[in-house]
Amino acid sequence: MIDISNVTLRAQTIRDEDFLLQLFISTRETELRQVGWTSDQIRPFLQQQFTAQHQSYRQSYADADFQIIECQEKAVGRLYLHRGKGEYRIIDIALLPKFRNHSLGRYLIQDIQQAARKNSLPVSLHVEQLNPAIRLYQRLGFKSYDRDGVHLFMRWDPVRDVEIE
C-alpha cells in the first residue's frame, strides 16, 4: 500500500519527456514482446507512438491539465484530465509498474469523482478492452456506454451514483 499523504500532482514540463517516454513504454512493452519483437524493434516503434499520442492529446485537449503524479517527490505516473463544460474527461492515467495495484489509481480517480460531483458533472474515459484497469473503473461506478474496435468508453454519473465506494 502506498501512503497517499506522500502523493502529489504537479504540472508536466519539458523536463518530464524522458520519464513520460519510459512510462509509456512500460504500459505497452509487454504486449509487443508477445508478438515476438526484440527490444531493438520495440523502442523506436513505441517512441514514435508516444510522440504521436503526446501531440494528439496536446492538440485535442489544449486546455487540459497534464500532470505528473509524484510519490515522495519522485515521478511515478501521469494524469491527464480535461475539465469540460459538460463533463470531466480522464484523458490518460498511467503508473509505473511497481506503483500499480496499490490503490493509488483508485485514490486519484475518486478525487476526480468528488470534484465532478460538486459540479454535478459526469466523468468519462476510454480504455483498451483488454486492460485490467476496467475492473477498477467498474468498482468505482463507471459504466460502459460505447466501444470501438480497441477501446471501451466508460462514464461515471454522479446523479446515478450517490456515493463513491
Side-chain angles (χ1 to χ4, degrees), residues 1-9 12 19-35 37 42 45-46 49-50 52-54 56-57 60-61 64-72 74-84 86-165:
M1 186 73 73
I2 294 172
D3 182 358
I4 299 303
S5 67
N6 291 322
V7 175
T8 57
L9 297 172
Q12 177 184 310
F19 165 74
L20 291 167
L21 174 61
Q22 293 309 313
L23 177 62
F24 182 80
I25 288 171
S26 80
T27 66
R28 303 292 310 279
E29 191 170 28
T30 301
E31 78 182 74
L32 292 177
R33 288 205 186 284
Q34 291 176 359
V35 296
W37 287 21
I42 292 172
F45 177 75
L46 289 180
Q49 279 197 327
F50 167 76
Q53 182 191 69
H54 185 74
S56 174
Y57 285 166
S60 298
Y61 300 98
D65 294 325
F66 293 89
Q67 298 178 304
I68 299 297
I69 304 163
E70 291 186 328
C71 186
Q72 297 180 329
K74 181 176 174 19
V76 301
R78 70 180 186 183
L79 173 61
Y80 298 170
L81 177 66
H82 181 257
R83 291 177 177 91
E87 72 174 6
Y88 283 17
R89 164 71 58 109
I90 299 173
I91 303 163
D92 196 278
I93 184 169
L95 298 166
L96 290 173
K98 73 179 189 174
F99 291 89
R100 296 175 194 155
N101 300 310
H102 293 286
S103 298
L104 179 54
R106 177 187 185 99
Y107 165 78
L108 294 166
I109 293 168
Q110 285 180 320
D111 193 52
I112 293 166
Q113 287 175 304
Q114 288 173 359
R117 177 179 275 123
K118 288 178 186 173
N119 294 297
S120 300
L121 293 175
V123 179
S124 68
L125 57 83
H126 68 275
V127 59
E128 289 185 3
Q129 292 184 40
L130 298 177
N131 188 327
I134 289 173
R135 289 187 299 278
L136 169 63
Y137 304 142
Q138 290 170 333
R139 283 194 309 270
L140 293 175
F142 284 80
K143 307 285 188 237
S144 302
Y145 70 91
D146 199 6
R147 68 180 74 225
D148 67 13
V150 176
H151 293 99
L152 183 63
F153 296 90
M154 302 182 82
R155 177 170 294 172
W156 170 83
D157 188 338
V159 173
R160 293 192 177 123
D161 185 44
V162 177
E163 197 55 48
I164 299 172
E165 290 180 15

Between Arg78 and Gln12, is any side-chain donor less than 3.5 angstrom from a side-chain acceptor? no

Residue pair Arg155 / Ser124, side-chain donor-acceptor N/O under 3.5 Å: no

Is the side chain of Ser60 donor-acceptor paired with the backbone N or O of Tyr57 at a distance under 3.5 Å, no angle test? no

Do Glu87 and Val123 pass the side-chain contact (heavy atoms from CB on, under 4.5 Å) test, and can you show the C-alpha distance, the side-chain angles, and the key distance before you say yes or no? CA-CA 6 Å; Glu87 72 174 6; Val123 179; over 6 Å; no

Using the side chain to side chain contact (heavy atoms under 4.5 Å, CB included) definition, which of the options Val76, Asp111, Leu104 pairs with Val7? Leu104

Output side-chain donor-acceptor pairs under 3.5 Å for residues 126-135, partner residues at least two apart or in another chain, one line each.
residue: Gln129; atom: OE1; partner: Arg147; partner atom: NH1; Å: 3.1
residue: Gln129; atom: NE2; partner: Asp148; partner atom: O; Å: 2.9
residue: Asn131; atom: OD1; partner: Ala133; partner atom: N; Å: 2.8

According to the interplanar angle, ranging from 0 to 90°, do the rings of Phe66 and Tyr80 count as parallel (below 30°), tilted (30 to 60°) or perpendicular (above 60°)? perpendicular

Counting distance only, does the side-chain N/O of Gln113 pair as donor-acceptor with the main-chain N or O of Leu140 below 3.5 Å? yes

Option among Leu9, Ile109, Ile68 that satisfies the side chain to side chain contact (heavy atoms under 4.5 Å, CB included) test with Leu79: Leu9

Main-chain N/O of Leu95 paired to Arg100 side chain as donor or acceptor, under 3.5 Å: yes

Do side-chain atoms of Ser56 reach the backbone of Gln53 as a donor and acceptor pair under 3.5 angstrom? no

I'd like to know whether Lys143 forms a side-chain contact (heavy atoms from CB on, under 4.5 Å) with Met154, so could you lay out the CA-CA distance, the side-chain angles of the two residues, the decisive distance to 0.1 Å, and finally the verdict. CA-CA 5 Å; Lys143 307 285 188 237; Met154 302 182 82; over 6 Å; no

CD1 (Ile90) and OH (Tyr137) are apart, to the nearest 0.5 Å, by 6.5 Å

Which of parallel (below 30°), tilted (30 to 60°) and perpendicular (above 60°) describes Phe142 and Trp156? tilted

Distance, nearest 0.5 Å, that separates CG of Asn101 from CZ of Arg106: 12.5 Å

Which atom names give the shortest non-hydrogen contact between Pro122 and Gly86, and what distance separates them? CD-O, 3.4 Å

Has Asn119 got a side-chain atom pairing as donor or acceptor with Leu121's backbone, closer than 3.5 angstrom? no

OH of Tyr88 to CD1 of Ile112, rounded to nearest 0.5 Å, is 9.5 Å

Sorted by chain and residue number, the side-chain hydrogen bond (donor to acceptor under 3.5 Å, both in side chains) partners of Tyr107 (sequence neighbours excluded) come out as none

If you compare all heavy atoms of Phe19 against all heavy atoms of Gly77, which two are closest, and at what distance to 0.1 Å? CZ-N, 3.4 Å

How many angstroms lie between NZ in Lys74 and CG in Asn6, if you round to the nearest 0.5 Å? 14.0 Å

Between the OG1 atom in Thr27 and the CD atom in Gln22, the distance rounded to the nearest 0.5 Å is 11.0 Å

Can you tell me how far CG of Asp92 sits from NE2 of His82, rounded to the nearest 0.5 angstrom? 15.0 Å

